[in-house]
There are 2 protein chains.
Amino acid sequence: MRDKLDAVDHTILTILSEDAQMNYTDVAKRAGVSPGTVHMRTRKMKNMGVIKGATLSLDYSKLGWKMTVFLGIFLKQASLYKDVIDALSEVEEVVKIHHSTGKYDIFVKIHAKDSLHYRRLYQESILVIEGIRDIESFISLEESMNRHIHFGEK
Amino acid sequence: MRDKLDAVDHTILTILSEDAQMNYTDVAKRAGVSPGTVHMRTRKMKNMGVIKGATLSLDYSKLGWKMTVFLGIFLKQASLYKDVIDALSEVEEVVKIHHSTGKYDIFVKIHAKDSLHYRRLYQESILVIEGIRDIESFISLEESMNRHIHFGEK
DNA sequence: TTTGAAAATAGCAACCG
DNA sequence: CGGTTGCTATTTTCAAA
């Protein structure tokens, strides 16, 4: 098993990025190879850690979770990074955490059911975290796009 | 077919959110129902638009895409929103666009292979977009977490 | 990498509670 | 009426060429 990805691997990734539940037979047709090859390549990329897993793309608003909020967090000291990450991880509504450079120290994505839920969450679970100096928040009104990179070229 | 989601639906969503490629038989075992039910519920939720699709979770750095950058964009006028979104959509490296309120007008996520790629991309494809007044950018050094909401309660 | 075959699963229909 | 069960077509998965 070679550890380098070729054009076939990239094609498979692009196809599965769009629909991870597509069966191998159809993927094989689109990629122009046999189902067995798709199976082998996919397993290889999972073992390599290139494919970390598969997840559903959900319409949160239809599930009653109407708000998506981003928080740009400033730390009191850079060394508190890990403690704050750990504390944020405890909050179930926090779905993404990025350690960033530039404007904010940490960048977080949160889901909330409504503004009441969000306010309570923000005040009772986020603001109380030790080590946070300041927070800038912005509410996502609409997700206009959500896609993957097209792994065309080498 | 009822249009309301019950506890079984939520359980299925939670399981598939963690691994969208798990087969229905295993999902059924975990959810404590029959495979037929899982099949039926999943189809219902797809038809309702609750499940929009499934996508791979990839390790971009292993694919040679080392940088993730967030851009907070300020518009010259709010009315230019749609034009700017359209222009951003043309840029292949832009993977997410959020229309937001609070600090920025538009919030964007970008993948780039390296800093050279990013700089060229930023200057030649983003900065030139008509209607953008200013941009604040921050680079994600590390994604510490990426998960879904646990749809436990109603 | 493909091919072909065996095992497992998806998807459906009729039945049951 | 929705869930389960059992059946069939399809798909996954592996071994051999």
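Owing to the predicted nature of the structure, the values given are computational and were not obtained by experimental measurement.
Rounded to whole Å, atom C1' of C:dA8 lies 8 Å from atom CG of B:Asn23. When rounded to the nearest whole Å, the span between CG of A:Asn47 and C1' of D:dT13 equals 15 Å. The NZ atom of B:Lys44 sits 13 Å away from the C1' atom of D:dC1 (whole-angstrom rounding). When the P atom of C:dA10 is taken as reference, atom NZ of B:Lys29 falls 11 Å away, rounded to whole Å. Atom CE in B:Met22 sits roughly 17 Å away from atom P in D:dT12 (whole-Å rounding). At whole-Å resolution of the value, CE in B:Met40 and C1' in D:dG2 are 6 Å apart.
In terms of heavy-atom proximity, B:Ser61 sits nearest to B:Lys66 at O-NZ, 3.3 Å.
Counting any heavy atom pair closer than 4.0 Å across all strands shown, B:Thr37 reaches a base atom.
In the hydrophobic clustering of ILVMFWY residues, with side-chain heavy atoms under 4.5 Å counting as a link, B:Ile85 and A:Met145 come out together. A:Val108 and B:Val69 fall into different hydrophobic clusters, where Ile, Leu, Val, Met, Phe, Trp and Tyr residues are linked whenever their side-chain heavy atoms come under 4.5 Å apart, directly or through other members.
A:Tyr104 and A:Phe138 have tilted rings, their planes meeting at an angle from 30° to 60° on a 0 to 90° scale. In this pair, B:Phe70 and A:Phe107 present their aromatic rings tilted. The plane angle is within the 30 to 60° band.
Dashed line: the shortest gap from a side-chain N or O of B:Arg41 to OP1 or OP2 of D:dG2 is not under 4.0 Å. In this model, the phosphate group of D:dT12 is approached by a side-chain N or O of A:Thr25 to a distance below 4.0 Å at OP1 or OP2.
Neither side chain, A:Tyr118 nor A:Thr68, offers a donor N or O lying under 3.5 Å from an acceptor on the other. Side chain to side chain, B:Ser34 and B:Thr37 meet the donor-acceptor criterion of an N or O pair below 3.5 Å.
Residues that satisfy the side chain to side chain donor-acceptor pair (under 3.5 Å) test with A:Thr11, not counting sequence neighbours, are absent from this structure.
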Intra- and inter-strand pairs of DNA chain C in dot-bracket (Watson-Crick or G-U wobble, both distances under 3.5 Å; | for another strand): |||||||||||||||||
Using a 4.0 Å cut-off on protein heavy atoms (strictly under), produce a 5'-to-3' string for nucleotides 11-17 of chain C with B for base contact, S for backbone-only sugar-phosphate contact, and - for none. SS-----
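Formation of a donor-acceptor pair under 3.5 Å by the B:Asp105 side chain with backbone atoms of B:Leu75 is found in this model.
The side chain of A:Ser34 lies closest to C:dT2, out of C:dT2, D:dT11, C:dA10.
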